[in-house]
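Read the structure below first, then the notes.
Predicted model only: the values in this text are computed from it and were never measured. Below, each value reflects all heavy atoms present in this structure, side chains not excepted, and no hydrogens, waters or symmetry copies.
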Amino acid sequence: MYSAKEAAEMTGLSTATLRYYEKEKILPPISRTIQKYRQYSDEDIEWIKMIQCLRGANVPIRSIKQYVSLLRQGSATIAQRYDMVLSYKKEIEAQISDLKNALALTQDKLLFYQKILEQPFSNMTYLEEWHLFKSKGEKTE
């Protein structure tokens, strides 16, 4: 069993976030000591890691709540959970695509700036820079 502080350290979350997850009922009830301190089990830590994974994929708290509620209902909700996870997967794939596009643009911009730094332009406006960038930096030589 782990204290709230230990659970926070293990998961990289704050104790306030752990309390929030418990309050929102996206964590199972956390056991308490006689002194009413929270005690997290290995299963609780794994549950928290699942929530972190979903949050990392930008799944909203309300959707996680719904998923956890279905999970607690048992095997009768497997089809609903399957649909939810499939939806998460599609959203993650779209995010990956968007991030790949953003990375490609960022790499192009870095190359553009490298060329400009090699032969600086004086007093270039942002519009001039944009037009130069759109032409793929061919005029930087």
Should we say atom CZ of R72 is surrounded by more than 12 heavy atoms from elsewhere, each under 6.0 Å from it? yes

Between E6 and S3, is there a donor-acceptor pair closer than 3.5 Å when you use the side chain of the first and the backbone of the second? yes

Atom NZ of K65 and atom CD1 of I51: how far apart are they, to the nearest 0.5 Å? 11.5 Å

Could you state the interatomic distance from CG (D44) to CD1 (I48), rounded to the nearest 0.5 Å? 6.0 Å

Compare every heavy atom of S14 with every heavy atom of A8, then report the nearest pair and how far apart it is. CB-C, 4.1 Å

Nearest 0.5 Å, please: how far is OH in Y21 from CD1 in I61? 5.0 Å

Between Q66 and M84, what is the shortest heavy-atom contact and its length? OE1-CE, 3.8 Å

Check the pair S41 / E43 against side-chain hydrogen bond (donor to acceptor under 3.5 Å, both in side chains), numbers first and verdict last. CA-CA 5 Å; S41 68; E43 288 177 3; 4.9 Å; no

Minimum heavy-atom separation for Y88 and S63, please, with both atom names. OH-O, 3.4 Å

Verify the cluster assignment for Y20 and I30: are they in a single hydrophobic cluster under the rule of side-chain heavy atoms below 4.5 Å apart? yes

Just verifying a value: how many Å separate I64 CD1 and L71 CG, rounded to the nearest 0.5 Å? 12.5 Å

How far does CD1 of I45 sit from CE of M10, to the nearest 0.5 angstrom? 4.5 Å

Does atom NZ (K5) have a neighbourhood of more than 12 heavy atoms from anything else shown, all under 6.0 Å? no

Between V68 and K25, which heavy-atom pair has the shortest distance, and what is it? CG1-O, 3.9 Å

4.5 Å side-chain heavy-atom contact, V85 and Y67: yes

Any side-chain heavy atom of Y40 within less than 4.5 Å of one from L18? yes

Is any side-chain heavy atom of R19 closer than 4.5 Å to a side-chain heavy atom of R38? yes

Verdict with supporting geometry, F112 and D108, side-chain contact (heavy atoms from CB on, under 4.5 Å): CA-CA 6 Å; F112 172 76; D108 288 346; over 6 Å; no

Once rounded to the nearest 0.5 Å, what's the spacing between atom CD of Q52 and atom CD of E46? 10.5 Å

Short side-chain to backbone donor-acceptor contact, Q95 and A57, under 3.5 Å: yes

Flag side-chain contact, heavy atom, 4.5 Å: L111 against Q114: yes

So do E91 and S87 actually touch side chain to side chain, heavy atoms under 4.5 Å? yes

Between R55 and E24, is the closest basic N to carboxylate O distance under 4.0 Å? no

N101 side chain reached by L105 side chain, heavy atoms, under 4.5 Å: no

